[in-house]
Trainee: 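This is the structure I have questions about; it appears just below.
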Amino acid sequence: MDLQANIKKSIVIAFKEVYQVDLEEKAIVLQPTRKEFEGTYTLVTFPFAGRLRQSPEAVANAIGEYLKESSSEIADFNVLKGFLNLVIADNIWVEVFNNILNTENYGQNETNDKTVMVEYSSPNTNKPLHLGHLRNNFLGYSLAEILKAGGYKVVKANLVNDRGIHICKSMLAYQKWGNNETPSESLKGDHLIGKYYVEFDKNYKVEIEALVDEQKVNYPAIAATTSVKELKDALKKKKDLTDDEKKQIETIKEIYTYAEKNAPSFLEAQEMLRKWEAGDEKTVALWKQLNNWVYDGFNHTYKLIGVDFDQFYYESDTYLLGKDIVNEGLEKNTFYKKEDDSVWADLSNTKLDDKLVLRGDGTSVYITQDMGTADLKYKDYSVDKSIYVVGNEQDHHFKVLKTILGNLERPYADGIYHMSYGMVELPNGKMKSREGTVVDADDLVGGMIDIAKERTDEQGKIDGFTEDQAQELYKMLALGALKYFILKVDPKNTILFDPEESIEFQGNTGPFIQYNHARICSLMRKADEMGVSYTKDVSLSNLETLEVELISLMSTFPDVIKDAGEKYAPSIIAQYAYDLARTYSRFFNECPIFKNDSEEVIQFRLTLSYGVGKVIEKAMKLLGIGVPERM
RNA sequence: GGUCCUGUAGCUCAGCUGGAUAGAGCAACUGCCUUCUAAGCAGUAGGUCCCAGGUUCGAAUCCUGGCGGGAUCACCA
């Protein structure tokens with residue numbers, strides 16, 4: 001039963017009967033009534049007033065009067081200016097609630113026979129996951145769950161970036177300084193490799209500076225300076241540069257570019273990449289070993305944060321894909337070749353600049369393999385939609401990719417969607433791996449679990465818990481706080497990650513919602529002791545405002561799920577879960593459940609609590625957050 | 001410079017398919033545990049919704065132009 005739709009139908013009839021006008025159901029917009037007025041839905045009559053040559057107030061009164069008389073759903077109404085507030089009959093709410101109770105897996109939309117792939121996480125295998133990856137993982141996982149609940153068949157995919165110059169860098173450093181170190185309890189594989197990646201970078205930087213200073217003699221504009229780096233930093237800070245200084249900057253850039261490409265260790269890394277691509281046995285063996293360590297480390301983290309995948313793609317398998325598509329593009333004249341044999345996608349039909357898709361030497365670039373992988377995904381799953389959960393720094397890239405695939409007349413091109421999300425910034429600025437200001441994912445989660453333990457223990461709320469149960473609760477609360485903190489924000493906004501605030505357990509937080517679930521479970525336990533149980537068929541004729549509010553909120557859940565899926569916004573679910581928990585919390589305080597004379601009321605409120613608990617549980621599940629039975 | 005995103009309370013964020021007196025949380029202050037979990041509830045205080053025009057009965061919301069913040073415009077991935 002769709003209450004809103006029924007009311008709209010009644011309104012259409014009302015307009016026909018009262019004013020002899022035909023309205024489309026779509027033209028009628030019902031909005032939630034503001035808290036300070038009585039009623040659940042509000043019809044705004046301003047738009048009709050002009051047409052009917054009546055005051056908005058008169059229209060509202062006439063329609064309200066008609067509805068009250070003729071519609072069993074409308075118990076009462078009130079009018080303020082052009083706002084017609086409709087009060088729904090309590091027995092209708094009871095009916096709505098019974099419907100919810102008797103709907104299996106309430107919230108789940110009917111299947112739509114469509115398949116969608118959600119690619120997320122997609123890490124580089126040269127360093128451990130950090131806070132930015134956490135946002136990606138939480139968003140991807142949640143979106144996948146939301147789409148499932150929205151009726152899609154979902155494939156969660158992870159495209160692992162396991163090859164390339166950056167991988168060779170850590171391999172090289174390990175080869176040089178690794179002394180056959182292996183992962184251990186205290187240093188798992190991804191962290192181990194990350195350590196060597198940092199080592200490489202440190203050494204590389206030293207080499208660059210040395211090379212730069214060596215080169216400066218060839219450049220009169222800066223030859224006299226003692227340290228190029230100091231000069232560079234000084235110029236960076238300065239405003240209103242003179243022409244000479246601007247020239248110096250250009251020169252410095254030039255030298256750095258040269259140094260970056262000619263530093264010994266960089267050349268070595270390049271050489272290693274060539275060997276890898278040639279299939280050199282030793283190189284490939286090292287690569288395999290180190291990558292496997294990293295995967296073990298990642299799997300540990302994935303398990304810790306509770307995300308999973310149905311399909312892994314590896315760039316070492318896919319990086320050569322896409323070259324056929326380049327030929328196809330040339331044949332279809334949507335690509336063209338330049339004099340140096342490089343191939344470009346013609347994007348003159350858009351605002352975008354033409355894009356290189358194959359280098360002059362025949363090697364591919366990032367977008368080449370992305371085209372190939374897109375084909376592969378379609379081949380594997382004939383997906384109707386393909387979602388890429390990738391940061392907003394790649395907005396342009398995905399615009400180009402989608403356009404190119406469209407020009408190539410790929411049937412799936414329209415279904416490509418870049419779920420772009422904003423960066424995660426720290427109170428003192430951006431995270432920069434080179435400056436050591438990254439927040440490591442494992443450390444962060446570990447730290448939050450510790451804090452969850454502290455808070456819980458000091459409240460003395462784990463009496464009777466086994467050690468395992470306690471540990472499980474700490475983890476559930478820690479991840480609940482973290483995931484909710486990140487998911488409640490609209491994906492496209494930049495997040496300011498304040499470690500202090502993210503572990504708050506009060507107010508608009510994950511634990512607050514979890515707490516309300518635990519309270520409900522506590523009621524259920526008490527009911528059990530008292531020999532009362534919830535029912536699948538409540539009957540009651542008189543409801544409290546908060547009871548109506550709860551039922552009304554619950555009734556919108558399937559639509560909220562659909563909306564969140566259409567907007568690719570887990571934040572909508574987060575907001576909903578909080579609204580429901582908060583409303584329940586007020587109900588809990590104002591409406592005693594057991595301390596009540598009427599058997600009927602006790603059973604109704606108990607059942608209402610049960611229903612709310614179920615919806616909270618399901619909503620949180622869509623965010624990848626578990627709910628405890630006690631806390 | 002071009003393109004895209006963004007600017008709402010001291011702070012973190014909702015609201016943005018136009019609708020009533022702009023909402024939450026945190027922080028501050030005041031109440032409420034012999035009664036179902038106080039990780040809670042109730043209340044007080046806090047706003048030029050970046051600015052200026054425009055459209056409209058009505059604009060935080062739509063349009064135009066500014067200003068501030070961010071991303072991007074690689075033969076990097």
Side-chain angles (χ1 to χ4, degrees), chain A residues 29 31 33-37 42 44-47 49-50 55-56 80-83 85 122 124 161 163-167 315 319 338 340 342-344 351-353 355-361 363-370 391-397 399-400 420 422-423 425 427 430 452 455-456 458-459 461 477 481 485 488-490 492-498 500-502 504-509 511-516 518-527 530 571-572 574-575 578-579 581-582 585-596 602 605-606 609 630-631:
Chain A
V29 181
Q31 49 180 312
T33 302
R34 291 186 69 98
K35 292 247 159 69
E36 57 267 42
F37 303 102
T42 295
V44 182
T45 58
F46 290 95
S55 76
L80 189 80
K81 291 190 260 180
F83 299 94
N85 303 321
S122 302
N124 290 347
N161 191 338
R163 52 138 253 131
I165 190 78
H166 51 293
I167 309 296
E315 287 202 359
Y319 82 107
K338 282 193 179 171
D340 64 355
S342 60
V343 180
W344 295 72
K351 277 184 189 170
L352 304 161
D353 288 331
K355 175 74 186 174
L356 177 100
V357 291
L358 200 68
R359 295 193 185 99
D361 63 6
T363 57
S364 46
V365 290
Y366 185 51
I367 203 159
T368 321
Q369 58 173 299
D370 256 5
N392 64 8
E393 71 271 15
Q394 293 197 35
D395 283 355
H396 182 254
H397 172 79
K399 238 182 244 172
V400 170
S420 165
M423 331 225 86
E425 286 183 4
K430 279 182 205 163
R455 301 274 172 91
T456 307
E458 80 195 14
Q459 297 231 11
K461 288 208 169 179
L477 294 178
F485 182 82
K488 75 172 175 184
V489 181
D490 187 302
K492 65 177 180 295
N493 289 348
T494 304
I495 282 188
L496 187 89
F497 187 84
D498 185 337
E500 297 294 317
E501 205 181 320
S502 67
E504 269 308 320
F505 285 49
Q506 286 158 10
N508 188 354
T509 65
F512 170 82
I513 301 167
Q514 292 172 318
Y515 176 65
N516 278 286
R519 267 171 159 180
I520 289 169
C521 291
S522 168
L523 288 176
M524 292 303 160
R525 285 192 297 271
K526 174 151 186 174
M530 295 173 61
S571 56
I572 291 174
Q575 194 67 35
Y578 176 68
D579 274 352
R582 156 120 183 120
S585 194
R586 290 204 290 141
F587 163 78
F588 184 87
N589 269 271
E590 284 179 33
C591 305
I593 288 151
F594 295 112
K595 204 183 163 189
N596 206 299
I602 291 178
R605 288 188 180 165
L606 185 66
S609 299
R630 286 190 290 167
M631 69 181 271

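Below, chains carry the letters A, B, ... as their sequence lines are ordered, and counting in each starts from 1. These values consider heavy atoms only, across backbone and side chains, with no hydrogens, waters or symmetry-generated copies.
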Trainee: Counting distance alone, no hydrogens or angles: does the base of B:rC75 have a donor or acceptor under 3.5 Å from a partner atom on the side chain of A:D340?
Mentor: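 Answer is yes: a donor-acceptor pair is held.
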Trainee: Does the protein touch nucleotides 2-7 of chain B at the base, only the backbone, or not at all? Give it as B, S and - per nucleotide, heavy atoms under 4.0 Å.
Mentor: --SSS-
Trainee: Measuring centre to centre across the rings, with the benzene-like ring taken for any Trp, is A:F46 within less than 6.0 Å of A:F83?
Mentor: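 For A:F46 and A:F83, the ring centres are under 6.0 Å apart.
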Trainee: Which whole-number value in Å describes the distance from A:L496 CG to B:rG10 C1'?
Mentor: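 One finds 15 Å between C1' of B:rG10 and CG of A:L496, rounded.
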Trainee: With the stacking rule set at 5.5 Å and 30°, tell me whether A:F83 counts as stacking on B:rG19.
Mentor: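 Whether judged by distance or by angle, A:F83 falls short somewhere, so it does not stack on the base of B:rG19.
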Trainee: Under 4.0 Å, heavy atoms only, any strand: does A:P511 hit a base, just the sugar-phosphate, or nothing?
Mentor: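 Touches nothing.
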Trainee: Using heavy-atom distances to pick each residue's nearest nucleotide on RNA chain B, tell me which of A:D490 and A:K461 is more 5'.
Mentor: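 The answer here is A:D490.
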Trainee: Do A:R519 and A:S609 have side-chain atoms, one donor and one acceptor, less than 3.5 Å apart?
Mentor: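 Note: A:R519 and A:S609 side chains miss the donor-acceptor criterion.
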Trainee: Write down the partner of B:rC33 under the Watson-Crick or G-U wobble criteria, each distance required to be under 3.5 Å.
Mentor: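 In the structure as shown, B:rC33 has no Watson-Crick or wobble partner.
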Trainee: So what does A:K595 touch, heavy atoms closer than 4.0 Å: a base, only the sugar-phosphate, or nothing?
Mentor: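 Base contact - A:K595 has a heavy atom under 4.0 Å of at least one base atom.
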Trainee: More 5' along RNA chain B: A:V44 or A:R525, using each one's nearest nucleotide?
Mentor: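 It is A:V44 whose nearest nucleotide is closer to the 5' end.
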Trainee: If we call it a pair only when both distances are under 3.5 Å in a Watson-Crick or G-U wobble match, what pairs with B:rU72?
Mentor: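 WC or wobble partner is B:rG2.
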Trainee: Output the rounded distance in Å from CD (A:Q506) to P (B:rU37).
Mentor: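 Those two atoms, CD and P, are 19 Å apart.
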Trainee: Hey, do the aromatic rings of A:F505 and A:F512 have their centres closer than 6.0 Å?
Mentor: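 So the answer is no for these two rings.
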